[in-house]
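Below is one structure, written out as C-alpha cells; comments come after it.
Both backbone and side-chain heavy atoms feed into the values below; hydrogens, waters and symmetry mates do not. Keep in mind that what you see is a predicted model, and the values were worked out from it rather than measured. Below, chain A is the first sequence line, B the second, and so on; all start at residue 1.
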Number of protein chains: 2
Amino acid sequence: MYFQFSTCRFSEIPFAFPKISSIFAYVLQVIMKHITIKDLAKELGVSISTVSRALNDKYDINPATREKIISKAQELGYSPNPIAQKLQQKKSNNIGVVVPEFRNAFFPDVITGIQDIMLPLGYQVLIMQSNENAETELSNVKTLYNNMVDGLIISFSSETHKTSYYKSIIDDGFPIVQFNRVIAKLNTSKVLFDDYAWAFMATEHLILQGYKNIIHLKGPRHLTFSISRAKGFEDAMKKHKLHTGDNQFYDSGVTIEDGKRVMSELIECNKLPDAIFGVTDPVALGAMIVMKEHGIQIPKQVGVVGFSESRLSEVIQPTLTTIKQPTYEMGQAAAKLLIQEIETKISIPQNIKLSGSFKIKQSSVRI
Amino acid sequence: MYFQFSTCRFSEIPFAFPKISSIFAYVLQVIMKHITIKDLAKELGVSISTVSRALNDKYDINPATREKIISKAQELGYSPNPIAQKLQQKKSNNIGVVVPEFRNAFFPDVITGIQDIMLPLGYQVLIMQSNENAETELSNVKTLYNNMVDGLIISFSSETHKTSYYKSIIDDGFPIVQFNRVIAKLNTSKVLFDDYAWAFMATEHLILQGYKNIIHLKGPRHLTFSISRAKGFEDAMKKHKLHTGDNQFYDSGVTIEDGKRVMSELIECNKLPDAIFGVTDPVALGAMIVMKEHGIQIPKQVGVVGFSESRLSEVIQPTLTTIKQPTYEMGQAAAKLLIQEIETKISIPQNIKLSGSFKIKQSSVRI
DNA sequence: ATGAAAGCGCTAACAT
DNA sequence: ATGTTAGCGCTTTCAT
C-alpha cells in the first residue's frame, strides 16, 4: 500500500464551513453521510419514536406532525438505513438468486423474469454466480443467507453433491425455490420444464424424418434435466424399436466445447451417426461446427436437434431445430412461489412444470 | 393469502426436546437459528466482550480461554452476523457490480474477472442488472450503497443522464470504478478499452480490402465507447480521403435487433454500402442476417466488421471479423483498482486502457 | 486478562 | 398523541 493517509479527503469539508449560503447548504446535505432519525428528531424537537412512527405511517400520529417530519426528511435527503432495519426486523426485502453461470442466455432470461415480478413488489434482487463450482455456490448461499435475504431462488451447479447446509436452512424455514437444476431430495418448491416429454418429442421428430442411428449427447449425469432428457430420448427410441445401447449415449456436458470434443472423437473413430440429439443448444452447435469443418452435410447426412438455452441457434447455418423453453416464465413462476412463501411464512413445496415449444428449423429436416 | 398461521413449522422443534442424544444434539445446532456471542458467553460463563476478543483474535486475551471459546464456537456452529457487524463497523467485505445486461457474453466475462480477484481476498460480489434502464440502475446503486457494500464497479446503462446521485456518493468518498460504459465527468477510476485505436484499425482493414463506401452503425450517442469508435472510424476514413458525411453514420444501438432494423431500412432505401463497421458484434450480426435474407453476398458484395461483445461471431456464416476485447482482464483491472481504493481509503482516479486483438475472419476478406 | 457498558440506527412495547 | 426505553448482535472504550 502506497498511501498512509487514512482519512477521506472530502468527509470533513461540510464541517469546515458551518454556515454558508443556501445553495451550499443543499450541497452539504447531499454530501453529508447518512441522516438518521435521530438527526430528524433533534432538528424538529421531537422524539425518535415520533419520527419513526411518522415515517412508517403508523396510527398514533398527528397528521400535522407527520407532514412536518416527512417534509423535513425529504428536505434533508433522509433515507432509512436498511442494515439497521434488518438487524431489528429480520426482513430485508431483498431476495437472492444463485445461478451456475450467465454466459448463455438461459439464466439471464430467467433472472429477468424474476426481476419483473420482484421489483414492482418492492423486492431487490441480488444475483450471485457459482461458476459451476459447488464451493463457491455454498459460500454464495451463505453470504446471501447471512445478509438476511428473505428468500432464495437457486439453480444448482453441475457439481453440487453435499446438501447438508441447504437442508438445514430449508428445515429452518428459510424460503427457497429451486429451478431448472434441482436436487430432488431437497424439500422445496421446484420450477421445472417437462424435459422428458420434450426430449421424447424431439427424438421422435428425428425418427419421423427417417433418421435411424440417432445418438444423444448427454449432460452432466446428476442433474435432473440431463436424466430426464436422456430418458425421453431413450423411450422415444424404444417406442420405435430403435437401438438404445450404450453406443447411443455420449457423455458431453453443456458447452460448445463439449459438443466439439465429442463430435471430433466420433469422427475420428468413424462412428458418425445419422442424427444427433444434443442435451443443450451449445452442445449441438459444437457438434455442428466440427461436422461442417469436416464437410459433413447437415441435415442431409446428419440431422441435428438441440435444446434451447441459447440464442445461438438463430445464427448458425443451417439454423438449428430446437426446443424453446419458457425461460422468462420460469423466472416469473419461481418468483411468485417465493413471494408466496415469504409472505405467508409457510412452505408448501410444490412442483411446477412449464411447457415449451418446438422450433423446427433446417438442421433436422430432410428435403 | 390462503394461510393464516404465521409461525414457522420447524423453528420450535429444538426447544421441544431439550436433552437428547448427541446425534440429535448435532442436528439441533444446525437447525437452531443463529448462535450469537451472547449464547457463547452464557454457555462458557464469560462476558460477551471476552468472546468477541477471542473470536477476533485480539491482543488482550488468554490463549487458553481463546481456545476454549473458539472450539465452543465451532461446536455450536457459530457464525457472526454480518448485519450486526456492518451496522457497527461500516465495512461489509461485499462489493457491488452493476451492469446494463448480461445476455451477451461481454459483461459475464468481465464479472468473472472481477470475481477471480475479489473472492480470494475475502470479498463477496453482489451483482445487479439495470436492464439498460437508468431508473433501475439508480435504485440498484442505492440498494447496494445503503447495504454498505465497500465499493462499486459499474458500467452505465445506455440511458443514464442524471448523475447527481452518483456524483454525491463519489464526492462523499464512496469507492467506485467505472468500466466500458463510463461517464467522463464522474471523477472515478475508469477501465477502458482503446476503442478509438481499434476502431481505426478495423476501418483501415476494410479500406485496405478495397471497400470504399463504408458505413458505421453507431452506438448510443452519449456512451464514451460509441463516441470513440465512431471517431476512430471517421479518422481512418479521413486518412484515406474517403467520404465521411452524415450518410456514413447510422444510429443503431447495441443489439441484433438494432442491426436488423437499420439494415432493413438501408436496403429498402436502396442505400447498400460496400462495407459495414458495426459498433458491436450483435449489431453487425443483425445486419448480416438481413443481408443474407436478401441474398446479398458477404464479403463479396458487402464486407462486415464487428466489435467483440459476443460469442456469436464464431457461429455465424461467414464468420465475422471482429475486435476481441480483453473482457476478463478488464474485470480484473477494475477489481484491483477498487480494492486499492477500498483498502487505502484514498481515491486517485486513474484511467486504465487495455489493448485487444484483431480477429480477421471471412466476413471482411475479399478473395 | 476480563467484565461492564455504550452505541451503531432502527422498531416496538411500555409509559404518560 | 407523544416520549421513554429496551433490544436486535456486534465492537470498542473504559474500568477493574
Side chain to side chain donor-acceptor pair (under 3.5 Å) involving Asp116(A) - partner list, sequence neighbours excluded: Tyr328(A)
Applying side-chain contact (heavy atoms from CB on, under 4.5 Å) to Lys42(B) and not counting sequence neighbours gives none
Base, backbone or nothing for each nucleotide of nucleotides 8-16 of chain D, written B, S, -, heavy atoms under 4.0 angstrom, 5' to 3'? BBBBBB---
Suppose we screen for side-chain contact (heavy atoms from CB on, under 4.5 Å). Which residues come up paired with Glu341(B), at least two apart in sequence or across chains? Pro175(B), Ser347(B)
Salt bridge (charged side-chain N to carboxylate O under 4.0 Å, His left out) pairs, two or more places apart, involving residues 43-58 of chain B: Glu43(B)-Lys72(B), Asp57(B)-Arg66(B)
Can you list everything that forms a side-chain contact (heavy atoms from CB on, under 4.5 Å) with Glu67(B)? Sequence neighbours excluded, please. none
Tell me every residue that passes side chain to side chain donor-acceptor pair (under 3.5 Å) with Ser157(A), counting only those two or more places apart in sequence or in another chain. Thr160(A)
Could you go step by step and tell me if Lys86(A) and Asn147(A) meet the side-chain hydrogen bond (donor to acceptor under 3.5 Å, both in side chains) rule? CA-CA 9 Å; Lys86(A) 272 187 264 196; Asn147(A) 279 284; 5.4 Å; no
Rounding to an integer number of Å, can you tell me how far Ile61(A) CD1 sits from dG3(D) C1'? 11 Å
Taken in chain and number order and not counting sequence neighbours, the residues that satisfy side-chain contact (heavy atoms from CB on, under 4.5 Å) with Thr188(A) are Ile170(A), Ile176(A), Gln178(A), Lys190(A)
Which residues pass the side chain to side chain donor-acceptor pair (under 3.5 Å) test with Ser49(B), sequence neighbours left out? Ser47(B)
Between which nucleotides of DNA chain C, read 5' to 3', does contact with chain A run, using atoms under 4.0 Å from its heavy atoms? dC8(C) to dA13(C)
Determine to 10° how strongly the helix from dA1(C)-dT16(D) to dT16(C)-dA1(D) is bent, judged from the axes of its five-pair ends. 50°
Any pair counted as side-chain hydrogen bond (donor to acceptor under 3.5 Å, both in side chains), so long as it reaches residues 117-134 of chain B, sequence neighbours left out: Gln115(A)-Asn131(B), Ser139(A)-Gln124(B), Thr143(A)-Gln124(B), Lys91(B)-Tyr123(B), Tyr123(B)-Glu343(B), Gln129(B)-Asn131(B), Glu132(B)-Ser158(B), Glu132(B)-Arg181(B)
